[in-house]
Structure formats: structure tokens, C-alpha cells
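Values below: every heavy atom of this structure, side chains too, minus hydrogens, waters and symmetry copies.
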Amino acid sequence: MNPSLTPSPLALELLAADIRRQGVALEAEAWEALVKRCSGFQCARGEVVFAISEVPKHLLFVASGIAAAEWAMPDGRTIIHRFFERAQWCTTITSAIGGVETSDTIVAVAEMQGLLIPLEHWREAYLLDDQVGLYFRHRMLAHLLYAKELIRVKTLNSTEASHRFLQEHHPQVLAEVRQKDIARFMGITPEALSRFLGRRRSG
């Protein structure tokens with residue numbers, strides 16, 4: 001990942017739109033200070049965004065493309081436990097905040113570009129700032145609610161529930177990601193996914 005690019009206008013526009021969507025109104029000075037802290041990034045498909053056992057130093061805002069968080073299984077397989085897509089923050093947030101090594105690997109499953117913000121600035125704003133920090137606190141709450149729903153769906157171990165979760169939270173994934181990667185998220189084989197989708201179409 002190249003972390004030193006100039007932020008693209010598209011990425012900044014998406015970030016500004018996400019801030020407004022969270023109901024936060026930034027003054028021009030606060031927005032300019034945030035932009036100065038951001039750098040651009042881009043990743044090729046298949047490139048590692050954050051490696052297992054790495055302590056993240058940045059939070060990453062996805063402007064385009066999709067990333068997947070993978071776990072390595074004892075039998076050598078890898079499963080996908082969540083996706084990150086357009087206009088979402090992408091990192092292992094608990095590892096980043098705690099300064100501890102990640103237990104998964106985040107990989108670009110479609111070519112990506114977006115924004116990086118240094119973790120120390122994110123922490124400072126989260127705790128002390130009443131504008132940018134308010135946005136980050138809203139985003140953290142959304143992250144926690146998402147994680148709780150994801151755990152519920154994974155616990156159900158239901159193909160139907162997993163597919164419905166993707167429809168609600170990740171329509172871009174269903175439209176753009178390879179079926180074998182979607183199957184890895186759902187915990188089934190690509191063949192089983194094809195049969196499931198065939199039954200849905202015929203039903």
C-alpha cells in the first residue's frame with residue numbers, strides 16, 4: 001500500500017458526505033485541519049492492507065474498492081469474517097486503539113483507493129474534539145453496533161441469514177466480489193452458494 005499519495009478530490013468529497021450523513025456540521029477550520037492530517041492511498045487487488053500481527057498506525061477510509069478481513073484456520077484455509085466497502089472506515093479498530101497486534105489480515109479484494117488518517121490524530125480528536133471527534137464517536141458507535149449484528153449472524157450459522165446480512169450491509173460486495181470470496185464469508189463452498197442462489201431465483 002502506498003500511504004503517501006495526495007488525497008483525491010473524490011475521497012475527500014465522500015468523507016465530507018459521510019460526516020454530514022452522521023449529522024455532524026464541521027466548521028471550515030475543523031475540516032481544513034482534518035484534510036491536512038489525511039494522506040491518500042491505493043491498493044491493487046490482492047494486496048495486503050493490514051497484515052496479521054501488525055499494530056495499525058492509521059485508520060483507512062475507503063473511497064472505492066473493497067477489502068476483506070481474513071482469519072487463517074488451522075487446516076490452512078482462510079475465511080472472511082467481514083468486508084469493508086465504499087465510504088466505510090477500514091482497520092481492526094480495537095487493535096489500533098489498544099496498540100496491540102491484529103489477529104487477522106485485511107486484503108483488497110477489489111482495487112482500492114481512499115484516505116489514511118494517523119491513529120494518534122484519530123485518538124486525540126475522538127477524546128477531545130467536539131466536531132471531528134463527534135464524527136469519530138458516531139462512527140465508533142456504528143462500528144460496535146455492526147460488530148454485534150455480525151456476531152449474531154455468524155452465530156446463527158445460516159446461509160440465508162448471512163446472505164440477508166450482505167444484502168443489507170454490503171450490496172457492493174454482492175455486486176462486485178467473486179462468488180468464492182462471498183462463499184468464504186458465508187462459510188460454505190462456492191458450489192453450495194451457487195445452489196443457494198439458484199433456489200432463490202427459482203423460488
Side-chain angles (χ1 to χ4, degrees), residues 3 5-43 49-50 56-69 81-99 102 106 108 110 112-154 161-177 185:
L5 301 175
T6 300
S8 73
L10 170 63
L12 292 173
E13 181 181 331
L14 282 173
L15 177 58
D18 192 52
I19 291 172
R20 291 192 298 271
R21 195 159 44 244
Q22 302 302 317
V24 177
L26 293 189
E27 296 175 0
E29 184 178 349
W31 169 250
E32 289 170 7
L34 175 60
V35 169
K36 286 180 181 178
R37 298 283 189 148
C38 292
S39 57
F41 80 92
Q42 60 185 23
C43 292
V49 181
F50 294 108
K57 299 293 192 298
H58 297 84
L59 291 181
L60 180 157
F61 182 78
V62 182
S64 64
I66 301 169
H81 72 89
R82 74 156 292 173
F83 290 103
F84 303 90
E85 61 180 51
R86 185 175 183 269
Q88 294 181 338
W89 286 94
C90 168
T91 190
T92 306
I93 291 181
T94 52
S95 296
I97 294 174
T102 63
I106 298 179
M112 295 174 62
Q113 66 167 325
L115 302 170
L116 291 170
I117 184 168
L119 178 60
E120 61 268 22
H121 177 66
W122 186 91
R123 265 205 208 104
E124 179 184 352
Y126 181 89
L127 293 172
L128 303 174
D129 191 274
D130 61 355
Q131 292 189 51
V132 175
L134 178 59
Y135 165 67
F136 287 146
R137 291 191 289 275
H138 282 201
R139 266 315 201 169
M140 176 59 80
L141 178 58
H143 170 81
L144 294 174
L145 292 173
Y146 172 96
K148 184 175 181 179
E149 176 63 9
L150 179 59
I151 291 170
R152 185 190 72 81
V153 169
K154 291 288 189 179
S162 294
H163 193 266
R164 193 164 53 244
F165 179 86
L166 290 176
Q167 286 180 311
E168 180 179 351
H169 294 279
H170 295 292
Q172 185 182 349
V173 168
L174 290 175
E176 299 180 22
V177 171
F185 171 82

Measure the shortest side-chain to side-chain distance between Val49 and Phe41 over non-hydrogen atoms and say whether it is less than 4.5 angstrom. no
The reported gap from CG in Leu10 to CD in Gln113 (rounded to nearest 0.5 angstrom) is 6.0 Å
Which is it for Lys148 and Leu144 under the side chain to side chain contact (heavy atoms under 4.5 Å, CB included) test, yes or no, and what are the steps along the way? CA-CA 6 Å; Lys148 184 175 181 179; Leu144 294 174; over 6 Å; no
So which atom in Gly40 and which in Leu116 form the shortest heavy-atom distance, rounded to 0.1 Å? O-CD1, 4.4 Å
Any side-chain heavy-atom pair from Ile117 and Leu34 closer than 4.5 angstrom? yes
Side chain to side chain contact (heavy atoms under 4.5 Å, CB included) partners for Arg137, two or more places apart: Tyr126, Leu134
Side chains of Leu12 and Phe61 in contact at under 4.5 Å (non-hydrogen atoms): no
Validation row: Ile19, Trp31 side chains within 4.5 angstrom (heavy atoms): yes
For the CD1 atom of Ile106 and the SG atom of Cys43, what is their distance to the nearest 0.5 Å? 10.5 Å
With His138 via ring pair (Phe, Tyr, Trp, His ring centres under 6.0 Å) - residues at least two apart: none
Tell me, please, whether Phe84 has Arg82 positioned over its six-membered ring: NZ or CZ under 6.0 Å from the ring centre and within 45 degrees of its axis? yes
Pairwise side-chain contact, Glu149 with Val153, heavy-atom cut-off 4.5 Å (strictly under): yes
What are the two closest heavy atoms between Arg21 and Ala87, and how far apart are they? NH2-CB, 3.9 Å
Verdict with supporting geometry, Lys57 and Phe50, side chain to side chain contact (heavy atoms under 4.5 Å, CB included): CA-CA 10 Å; Lys57 299 293 192 298; Phe50 294 108; over 6 Å; no
Can you find a pair of side-chain heavy atoms, one from His163 and one from Leu174, that are under 4.5 Å apart? yes
How are the rings of Phe83 and His170 set relative to one another: parallel (under 30°), tilted (30 to 60°) or perpendicular (over 60°)? perpendicular
Look at the aromatic rings of Phe136 and Trp122 and report parallel, tilted or perpendicular, splitting at 30° and 60°. tilted
Distance in Å, Cys90 SG paired with Leu115 CG, rounded so as to fall on 0.5 Å steps: 12.5 Å
Pairs involving residues 32-42, ordered by first then second residue, that meet salt bridge (Lys or Arg N to Asp or Glu O under 4.0 Å) (sequence neighbours left out): none
Taking side chain as C-beta onward, heavy atoms only, is Glu85 less than 4.5 Å from Ile66? yes
Expected output: side-chain Gln131 to main-chain Glu27 donor-acceptor under 3.5 Å: yes
